[in-house]
Amino acid sequence: MPDDSPPQAIEALFAENRTFPPPPEFAAKAVCNDPEIYARASKDSDEFWAGEARRLEWFAPWASVLNWDSGEKRARWFDGGTINASFNCLDRHVRDGHGSQVAYFWEGEPGDERRITYADLLAETCRLANALRELGVKRGDRVAIYMGMVPELPVALLACSRIGAIHSVVFGGFSADSLRDRIIDGACVAVITQDLGWRRGGKIALKQIVDDALAGAPSVSNVIVLKRVGDPIPWMDGRDVWYHDIVPRQPAQCDPEHMAAEDPLYILYSSGTTAKPKGIMHTTGGYLTGVSSTHKNVFDLREESDVFWCTADIGWVTGHSYVVYGPLANRATSLLFEGTPDYPDKDRFWALIEKYKVTILYTAPTAIRTFMKWGPSYVEKHDLSSLRLLGSVGEPINPEAWIWYRRYIGGDRCPVVDTWWQTETGMIMISPLPGLTDTKPGSASRPFPGVFADVVDAEGKSVPLGGGGYVVITRPWPAMLRTLWGDHDRYIKTYWSRFAKQGYYFPADGCKRDADGFYWLLGRVDDVMNVSGHRISTTEVESAFVDHPNVAEAAVVSKKDEITGEAVAAFVTLKGGGIGSPAEADELRKHVASKIGAFARPKYITFTPDLPKTRSGKIMRRLLRDVMENRPLGDTTTLADANVVKTIAEMARTAPPEE
Ligand code: WTA
């Protein structure tokens with residue numbers, strides 16, 4: 001059972017009532033500065049979204065804007081319309097005379113550079129699309145993509161969408177086991193990967209991990225391998241194909257498939273409250289409408305002059321929507337960066353902004369808090385005067401970090417847009433419009449025009465302004481997920497059963513709404529942790545623990561963390577009941593990282609002889625959270641053995657976290 005009681009109100013957050021109106025010179029020129037937009041969109045949302053969809057190019061027009069089957073929760077946006085995502089991202093811009101505009105400035109971790117124009121990107125996409133067709137990949141087939149942030153990664157997404165193949169990108173930090181699960185679930189027919197990837201001067205053996213994953217994933221016939229690093233790699237003749245052998249010899253033209261608006265564009269897996277990840281499925285026309293509209297309006301994009309930098313990896317939804325599809329559909333010039341903020345030194349981001357004259361930066365609170373910890377001296381070495389807008393995404397941003405971001409990165413001149421959304425929503429849902437909306441540090445402000453949200457109590461009743469509860473979405477939106485791949489029942493159960501009577505979509509986030517109607521998102525209310533903006537399921541980490549031969553039982557909770565927002569905290573009982581040594585704790589950390597990925601490595605491990613359980617055997621995670629947060633222990637009367645939790649509290653105090 002998910003523990004979905006509303007989170008504690010964070011009163012300190014509300015003591016924060018500074019308000020920053022849009023700077024007048026910014027507002028005067030803003031892409032969206034018509035205050036009527038909110039009223040217009042809520043009066044006739046179909047007409048609003050139809051208007052946004054008309055910014056795209058359709059092969060055939062739609063017959064209806066939205067068909068909503070409220071029983072089966074199936075949304076059909078722009079039914080009857082046909083469209084191709086890669087055509088909208090590439091061909092039409094080149095045709096209209098913008099072929100020489102840079103689509104991506106790319107910088108590799110070692111400092112190598114490439115600039116890829118829209119004409120280059122179109123030609124390369126066509127070649128890879130033709131290569132996929134040569135290998136027998138057809139419309140509707142699933143293709144897994146497992147790469148670092150190289151230019152061929154967006155090319156891979158676009159090539160799939162060009163031929164109507166459904167891409168399933170797996171973040172390059174996932175383990176072989178996680179990759180295998182995802183490939184099997186999607187029955188992928190091909191994988192696109194690279195030999196190795198750069199990581200802080202070291203190398204990640206991506207192709208080797210693919211090989212490990214494919215032992216046990218028989219659906220895959222071919223692996224296309226890009227040479228990025230150049231070290232020798234394992235090879236399977238007949239299955240593996242070098243990118244440089246098959247792609248360059250292809251023609252640079254490839255007819256785009258005419259896809260129905262509701263044909264799937266991609267699957268992207270996200271952690272749920274069970275050990276099995278959810279294959280979130282997005283379709284084509286509505287998704288592209290939602291991401292291009294939000295990208296244009298939230299980021300105030302001026303395609304002829306801006307350099308947009310979303311620092312997210314394409315392996316996560318933020319990269320799908322705001323590195324690839326949104327910016328390209330809007331003919332943006334973006335920066336694409338392979339490395340990390342601290343390599344070779346802690347000023348890498350600022351050096352990049354100065355060098356490429358980045359105007360819009362979109363990054364995550366964990367990164368901002370890390371920069372705060374490093375101190376402003378790294379920032380001050382560089383000229384950041386090109387910046388004019390800052391964005392935040394992935395987790396709640398605390399007011400201190402928001403203010404620091406605005407002051408040190410934005411020079412007190414750039415508006416800050418805190419954008420709340422999810423893999424499931426596909427597009428930004430709650431965010432200021434920087435030319436129109438006041439901003440408050442720590443608040444994502446208000447729903448985007450045409451998005452209908454509310455804050456409700458446990459019964460689904462709207463909570464008056466000033467109160468808190470759960471955020472819900474009360475009407476379908478164009479970029480919404482359509483189903484979970486192969487499991488429509490789970491889709492209904494996960495998102496639509498909590499407020500079935502009202503018919504609301506349930507994101508599983510707590511939220512307060514202040515007297516001005518501003519939304520303050522407070523974090524997850526289910527068993528999903530948010531570590532550095534990455535969603536990690538407590539159950540998935542628990543399964544990884546018990547997969548280790550020495551572990552009898554494990555319970556995992558999140559603990560608040562100054563930098564990463566939340567950290568993974570585990571309580572582990574060993575077989576035989578002994579108390580593990582620090583070396584054993586380390587071995588378990590490694591084990592979890594190898595099962596899921598390094599980003600899921602537990603920071604805290606407490607060995608305990610027993611776990612706090614109810615008489616019916618249910619682990620009381622709430623008590624474990626109290627233990628980790630050093631809070632007074634709540635009601636322990638339902639415990640089978642009330643002493644257990646005292647012992648655990650004692651042991652947790654002495655277990656050192658991993659630095
Ligand atoms: C959290 C990332 C507060 C939230 C786009 C959500 C946020 C989960 C914010 C989705 C924000 C994301 N303020 N919380 N601005 N943005 N979240 O699927 O808990 O990786 O449910 O999508 O991140 O994470 P996901």
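Residues take their numbers from the sequence shown, with the count starting at 1. In this text the structure is predicted, and so the values were computed from the model without any measurement. The basis for the numbers below is simple: all heavy atoms, side chains too, and nothing from hydrogens, waters or symmetry mates. Indexing begins at 1, ligand by ligand and atom by atom, following the structure's order.
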Side-chain atoms of residues 427-439: list all donor-acceptor pairs with protein atoms under 3.5 Å, sequence neighbours left out, distances to 0.1 Å.
residue, atom, partner, partner atom, Å
T437, OG1, Y38, OH, 3.2
T437, OG1, L433, N, 2.8
T437, OG1, L433, O, 3.1
T439, OG1, F20, O, 3.2

Once rounded to the nearest 0.5 Å, what's the spacing between atom CG of D454 and atom OG1 of T474?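 With rounding to 0.5 Å, CG (D454) is 6.5 Å from OG1 (T474).
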How many angstroms lie between atom CH2 of W77 and atom CE of M480, to the nearest 0.5 angstrom?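 Reported to 0.5 Å precision, the distance equals 8.5 Å.
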Please examine the side chains of R180 and I184, heavy atoms only from C-beta on, and report whether any two atoms are closer than 4.5 Å.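 SC-SC contact between I184 and R180 confirmed.
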Residue list, ring pair (Phe, Tyr, Trp, His ring centres under 6.0 Å) with F349, at least two apart or on another chain: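 Per chain and number, F349 pairs via ring pair (Phe, Tyr, Trp, His ring centres under 6.0 Å) with W309, F371.
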Under a 4.0 Å heavy-atom cut-off, what residues line ligand 1?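 Residues within 4.0 Å of ligand 1: V317, T318, V393, G394, E395, P396, D418, T419, W420, W421, Q422, T423, D509, L521, R524, N530, R535.
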Taking side chain to side chain contact (heavy atoms under 4.5 Å, CB included) as the definition, give me every residue that meets it alongside P23, ordered by chain and number, with sequence neighbours left out.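 For P23, the residues satisfying side chain to side chain contact (heavy atoms under 4.5 Å, CB included) (neighbours in sequence not counted) are E25, F26, P415.
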